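What follows is a single structure, written as C-alpha cells, with notes after it.
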Amino acid sequence: VLPAPAGLSHEGKSAAAVVILMSIWWITEAIPVFATAFLPLALYPVLQILPASKTAVNYGHNYVLMMLGGFFLGKAIEAQNLHKRIALVIINIFGVSRRKIIFSMMVATAFLSMWIANVTAAVMMFPIALSIVAKEEEDLTGKKSTFAKALMLGIAYSATLGGLGTLIGTPTNLIMIGILENLFPDAPPITFFTWLKVGLPLLIVLLPIFAYYLSRYFKVSGNLSGNETLIKDELKALGKTTPGERRVIYVCLFAIFGWVFRENLVLGDFVIPGWSELLGLQDFVHDSTVAIAASLLLFAIPANKEKRLLDWKQASQVPWGVVMIVGGGYAIAAGFESTGLADWLGAQLAFVSNYPFIIVLILVIGFVMIFTEFNSNTATANILLPVLASMAVAASMNPFLLMIPATVASSLGFMMPAGTGPNTVIFGSERVTVSDMVKCGVWLNLISLVVLTILMYFVIMPWLNFEPTLPAWAQ
C-alpha cells in the first residue's frame, strides 16, 4: 500500500513494522499494554531482526532489575504502614489550614513517589486524603466544597512530579537510561546521583507552583471545618513507631546510600571516592546490585516475631507488568540499533539541524506532552525516545539534549486520565471529572512547558556539563 522506504534494509523495515504494530496496540489497547511489550520476543527472531537470546536479555536488563528492587522497597513501606506515618508527620508539621493541607499532602506524596512507583504513591495517599475529605464534608452539612477536588488532583500531580525526582520514581526514567545504553553503548552512564541533578531542580520548582495554582484555581481558603485535631488524632492512633517501620527505614537508607555513593562524587577539585572504587568493584557492580541487595534484606530481616519486613505473597503483588514494559522498550531500542533503523531515521530527520536548538527543544517538549495525554507515559517513552535519539544524531546534537527533556515531558500529562498512572488512580475515585482535569490541567501543562524549557536550557544542561555538539560516543 505504501512505498517501500528507500535505503532501509529488509531487517530495518521489519523492525519498523514491529514498532508500528506495538505503537498501535499500545495506543488502542487492542490487547493489554503489558502483553504488547512481549511482541519483540515473538517477532524479532521470526523476522530475523535479533536472535531470541539477544532479544530476551533486554527483559532482564540491569535497570529492569533496579526497578523491580524499587517496587519491593515500596511494597515493604506499604506492608509496614510506614507511608501513613510519613504523610501524617509532614501534614502535622505544616498545619491544618486547607491550603497547608493541600501543600503538605503534595509534599508527602512527592517524597514517597521519589522512592516508590508514582502510581503506588498515589494509591497509598488516596485513603488518607479520602478520610480528610470525608470529615470535611460531614461538617459542611450539604454545602459544596472544591477542597476535595483540589486535594485529589494535588495527590495525582505531586505523585507525577515526585517520580521525576529520582531514577526509580517513574518507569520512563529507567526506559530512557536503558534505551540510551542500547543505542549508544559508549555513552557516559546516567547514575542515580546524576539523575538527582535533573529531577530535584524540577521537583523543587514545580511542586510549590502547582500547590499555589490548585489553591487559587479552586478558591481554597480557611481551616478544616471543626477538625483542627484530626491529624493529631490520626497520628496518635498509629501509636509509637514499630520495629518493622524502623527497620524498613534502615533498609531504604542503605539503598539510597548505596545508589548515591556508588560512583565517585566530584565536588569541584574535591573527589569523594565511591564505595565501588574503594572495593575495586567498578566493573562488577551496578545500581541494580544495590536494589536487589536491599530487596534481599527485606526478605531476611524480621518485622516482628511472626513476620519478615516483606514476604513473597506481598512481593508478588508488585506491578510486574510495568517491569516488562520497560524491558519491551529496551528491546525496541535494540532492534533500532541492530538493523540500521536508527541511522535511517536520523537521515530522514536531518533537517532539524537548520533550526536553533531552543526552538527544537520547545517543539520536542510540547509534542511529547501532547502525545502523552492520550497514551501511557511508558508507551510514549518507548515509542518516541529511539526516534529522538536518531534525530539528535542527524542534527549533530548531543542525544542527551533531546532524550532527557523528552523523558521528563512524557510524564507531564495533567489534562487526561490516561496521561499518567496517578491521573488514572485519582480519576477512578469519582471525585474529579474529565472536565475538571482538562480545565485545570491545560494551564499546568503550559506552566510545565515554560518551566521545563527554562530549567533544561539554562540550569540543568549547563550543570551536567553536556557538550552541545555530537560527542564521539554517538558517532
Side-chain angles (χ1 to χ4, degrees), residues 57-83 86 111-118 120-121 162-163 165-171 173-178 181 189-196 199 242-265 272-304 307-320 322-324 326-327 330:
V57 74
N58 292 287
Y59 295 82
H61 193 281
N62 273 323
Y63 288 109
V64 170
L65 297 175
M66 183 181 177
M67 167 158 282
L68 185 60
F71 284 156
F72 287 151
L73 285 171
K75 181 54 71 172
I77 289 171
E78 181 185 353
Q80 300 306 318
N81 212 27
L82 181 58
H83 63 292
I86 291 170
F111 177 77
L112 285 172
S113 188
M114 289 173 67
W115 312 107
I116 62 179
N118 52 15
T120 307
T166 63
L167 203 55
I168 61 169
T170 183
N173 299 349
L174 291 172
I175 287 171
M176 190 275 286
I177 305 301
E181 282 195 2
I190 301 288
T191 63
F192 187 90
F193 181 73
T194 306
W195 187 266
L196 288 177
T242 65
E245 288 177 84
R246 289 195 297 272
R247 289 163 189 170
V248 167
I249 291 172
Y250 299 150
V251 175
C252 288
L253 290 175
F254 164 79
I256 294 167
F257 180 88
W259 284 325
V260 173
F261 294 100
R262 181 173 69 86
E263 299 282 346
N264 293 350
L265 295 187
I272 302 174
W275 60 264
S276 62
E277 181 174 303
L278 291 174
L279 298 175
L281 298 173
Q282 307 97 305
D283 298 329
F284 294 90
V285 295
H286 187 271
D287 284 341
S288 60
T289 313
V290 178
I292 298 302
S295 301
L296 291 172
L297 288 175
L298 295 173
F299 289 114
I301 297 173
N304 50 47
K307 290 186 175 181
R308 308 278 179 174
L309 295 178
L310 186 67
D311 59 40
W312 190 251
K313 185 176 180 181
Q314 293 163 332
S316 65
Q317 297 167 7
V318 303
W320 296 88
V322 175
V323 177
M324 290 299 98
V326 175
Y330 296 169

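For the single chain, residues carry numbers from 1 onward in sequence order. Owing to the predicted nature of the structure, the values given are computational and were not obtained by experimental measurement.
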**Request:** Assess whether side-chain contact (heavy atoms from CB on, under 4.5 Å) is satisfied between Thr166 and Leu196, documenting all intermediate values.
**Result:** CA-CA 6 Å; Thr166 63; Leu196 288 177; 3.9 Å; yes

**Request:** Tell me, with the steps shown, if Asn81 and Glu245 meet side-chain contact (heavy atoms from CB on, under 4.5 Å).
**Result:** CA-CA 7 Å; Asn81 212 27; Glu245 288 177 84; 5.6 Å; no

**Request:** Evaluate side-chain contact (heavy atoms from CB on, under 4.5 Å) for Phe193 paired with Asp287, printing each intermediate quantity in order.
**Result:** CA-CA 10 Å; Phe193 181 73; Asp287 284 341; over 6 Å; no

**Check against side-chain contact (heavy atoms from CB on, under 4.5 Å), Leu253 and Phe257** = CA-CA 6 Å; Leu253 290 175; Phe257 180 88; over 6 Å; no

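The structure places CG of Leu65 at 5.5 Å from CD1 of Ile292, a figure rounded to the nearest 0.5 Å. Met67 contributes atom CE, which lies 4.5 Å from atom CG of Leu174 (distance to the nearest 0.5 angstrom). The distance from the OG atom of Ser316 to the NZ atom of Lys75 is 8.5 Å, given to the nearest 0.5 Å. For the atom pair CZ (Phe254) and CG (Leu73), the distance works out to 10.0 Å, reported to the nearest 0.5 Å.
Note on ring orientation: taking the six-membered ring where Trp is involved, the planes of His286 and Tyr63 are perpendicular (angle over 60°, cut-offs 30° and 60°). Using bins of under 30°, 30° to 60° and over 60° for the plane-to-plane angle, the ring pair Trp259/Phe192 lands in the parallel bin.
What you find for Ala255 and Val290 is that their closest heavy atoms are O-CG1, 3.5 Å. Between Glu263 and Thr191, the shortest heavy-atom distance links the atoms CG-CG2, 3.7 Å. For Leu167 against Ile177, the heavy-atom pair with the smallest separation is CD1-CG1, 3.7 Å. Minimum heavy-atom separation, Arg262 to Trp275: CA-NE1, 3.2 Å. The minimum heavy-atom distance linking Pro189 with Thr194 is given by the pair O-OG1, 4.3 Å. Closest non-hydrogen pair, Gly244 versus Leu309, comes out as O-CD2, 3.5 Å.
At least one side-chain heavy atom of Trp312 sits under 4.5 Å from a side-chain heavy atom of Phe299. With contacts defined as side-chain heavy-atom distances shorter than 4.5 Å, the pair His61/Ser288 does not qualify. Counting only heavy atoms from C-beta outward, the side chains of Tyr59 and Val323 never approach each other to under 4.5 Å. A 4.5 Å side-chain heavy-atom check between Ile301 and Tyr250 finds every atom pair outside the cut-off.
Glu277 places no side-chain N or O within donor-acceptor distance of the main-chain N or O of Gly274, the cut-off being under 3.5 Å. Checking side-chain atoms of Asn173 against main-chain N and O of Gly163 turns up a donor-acceptor pair under 3.5 Å. Formation of a donor-acceptor pair under 3.5 Å by the Trp195 side chain with backbone atoms of Ile190 is not found in this model. Side-chain atoms of Gln314 never come within 3.5 Å of backbone atoms of Ala76 as a donor-acceptor pair (strictly under, hydrogens ignored).
By the salt bridge (charged side-chain N to carboxylate O under 4.0 Å, His left out) test, Glu181 is found to be paired with no residue, residues two or more places apart in sequence or in another chain being considered.
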